[in-house]
Amino acid sequence: MRTSMPSETLMSDAETARVRQLASRAGKAEQERMAVKKVAREFEAVFVGMMLKSMRDTVGKDDLTGGGRGEEIFRSMLDQEYATACAASGGLGLAPLIEQQLLPHETQPSVVPAAKPDADKKAGAR
């Protein structure tokens, strides 16, 4: 028993190679997006950490806990953990903006600003 398929249903080698190439590009693009997202979150965490450190420097020393080098190290680590948690939960909203700047323009959705109705009324009134 011989089975055969019409030639129209089979892909040529060139088409198969093209499909594989497109799938590979899609996988690489997704990896790049994930890497950019991670870097943006980490940058935001570093920024928030620097902000917390600066804020901590403006506050006087706490005499209740005794101070010392150990407390300084602990506070620094605690501030960094606060910053990481803040960035992971959305933080200041810097990470999405950084992602937009780092990703190629063709992968970003196009955003067209909406016209302000008040501006149109003022222009028509002149």
Side-chain angles (χ1 to χ4, degrees):
M1 178 178 189
R2 187 176 144 165
T3 59
S4 64
M5 297 182 80
S7 60
E8 302 88 39
T9 59
L10 298 176
M11 287 197 291
S12 70
D13 291 337
E15 290 171 334
T16 304
R18 179 74 177 145
V19 168
R20 286 186 184 143
Q21 182 183 21
L22 291 173
S24 173
R25 280 187 191 169
K28 288 178 184 176
E30 184 62 29
Q31 287 176 347
E32 182 180 349
R33 271 194 293 276
M34 296 305 292
V36 165
K37 188 172 192 164
K38 181 181 176 195
V39 167
R41 269 195 322 255
E42 289 174 358
F43 180 83
E44 184 173 8
V46 168
F47 180 77
V48 171
M50 291 172 64
M51 211 168 60
L52 286 173
K53 182 181 181 306
S54 295
M55 290 183 344
R56 181 92 56 200
D57 290 343
T58 63
V59 178
K61 300 292 179 191
D62 185 15
D63 295 331
L64 180 65
T65 56
R69 183 71 180 138
E71 184 177 342
E72 289 177 23
I73 292 171
F74 173 76
R75 290 236 186 246
S76 173
M77 290 173 26
L78 181 63
D79 287 346
Q80 191 56 45
E81 284 302 312
Y82 283 155
T84 302
C86 180
S89 67
L92 305 175
L94 294 176
L97 298 173
I98 294 168
E99 286 178 52
Q100 285 179 349
Q101 294 298 314
L102 294 178
L103 287 174
H105 292 291
E106 56 267 39
T107 61
Q108 295 179 12
S110 60
V111 178
V112 178
K116 295 181 182 178
D118 294 337
D120 293 338
K121 289 178 186 176
K122 288 179 185 176
R126 291 184 191 179

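Everything numeric in this text was worked out from a predicted model, so none of it was measured. Because only heavy atoms are used, hydrogens play no part in the values below, and waters and symmetry mates are left out as well, while side chains stay in.
Ionic pairing of Lys53 and Asp57 is present here: one or more N-O contacts between side-chain nitrogen and carboxylate oxygen are shorter than 4.0 angstrom. Between Arg33 and Glu30, at least one side-chain N (NZ, or NE/NH1/NH2) sits under 4.0 Å from a carboxylate O, which counts as a salt bridge.
Note: the hydrophobic cluster containing Tyr82 does not contain Met50 (ILVMFWY, side chain heavy atoms under 4.5 Å, direct or indirect links). Grouping the Ile, Leu, Val, Met, Phe, Trp and Tyr side chains by contacts below 4.5 angstrom, directly or via other members, places Leu92 with Met55.
Closest non-hydrogen pair, Ala95 versus Ala40, comes out as O-CB, 3.5 Å. Between Leu52 and Ala83, the shortest heavy-atom contact is CD1-N, 4.1 Å. Nearest heavy-atom pair, Glu44 versus Leu94, reported as atom, atom and distance to 0.1 Å: OE2-N, 3.5 Å.
More than 12 heavy atoms of other residues, nucleotides or ligands sit less than 6.0 Å from atom CE of Met51.
Distance check: Ile73 CD1 to Leu78 CG gives 13.5 Å after rounding to the nearest 0.5 Å. Atom OG1 of Thr84 and atom CZ of Arg41 lie 11.0 Å apart (nearest 0.5 Å).
The side chain to side chain contact (heavy atoms under 4.5 Å, CB included) test with Leu97 singles out one residue from Gln100, Gln101, Glu99, and that residue is Gln100.
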Output, in order, the C-alpha distance, side-chain angles, deciding distance and verdict of salt bridge (charged side-chain N to carboxylate O under 4.0 Å, His left out) for Arg69 and Glu72. CA-CA 5 Å; Arg69 183 71 180 138; Glu72 289 177 23; 3.2 Å; yes

